[in-house]
Amino acid sequence: MQIDADQQAFSETILSALEPVFHDFQQGLMAYTSRNSEPLQLVYVAGGTSLLPGLPAAFHALLELGR
């Protein structure tokens with residue numbers, strides 16, 4: 001998907017605003033792993049926010065840190 005500079009700037013702003021959500025998600029991920037003694041295998045990201053450029057990479061990085 002091609003995006004212009006304005007779309008990229010908007011996406012980066014939204015992603016930085018989602019940092020608290022990423023933090024909460026990471027806490028939930030650690031709790032899941034602790035309770036189930038196994039890492040989470042699959043995560044679905046849905047809705048309009050899932051279309052933000054860079055969001056899949058941000059979640060991937062977050063999940064890699066949680067392992």
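Each residue takes its place number in the sequence, starting with 1. Just so we're clear, the structure is a prediction, and the values are computed from it rather than from any experiment.
- With sequence neighbours excluded, no residue satisfies side-chain hydrogen bond (donor to acceptor under 3.5 Å, both in side chains) with Gln7.
- Judged as a side chain to side chain contact (heavy atoms under 4.5 Å, CB included), and not counting sequence neighbours, the contacts of Val21 are Leu18.
- Tyr32 meets the ring-ring contact (aromatic ring centres under 6.0 Å, His included) test with no other residue; sequence neighbours excluded.
- Scanning for side chain to side chain contact (heavy atoms under 4.5 Å, CB included) contacts around Ser11 gives Leu15, Leu52, Pro53, with sequence neighbours left out.
- With sequence neighbours excluded, no residue forms a side-chain hydrogen bond (donor to acceptor under 3.5 Å, both in side chains) with Gln27.
- Side-chain atoms of Asn36 never come within 3.5 Å of backbone atoms of Glu38 as a donor-acceptor pair (strictly under, hydrogens ignored).
- Across all non-hydrogen atoms, the minimal contact from Pro39 to Thr33 is CA-OG1, 4.0 Å.
- The two residues Pro20 and Ala17 have their closest heavy-atom pair at CD-O, 3.2 Å.
- Closest heavy-atom contact between Leu55 and Ser50: CD2-CA, 3.6 Å.
- Partners of Phe10 by ring-ring contact (aromatic ring centres under 6.0 Å, His included), not counting sequence neighbours: none found.
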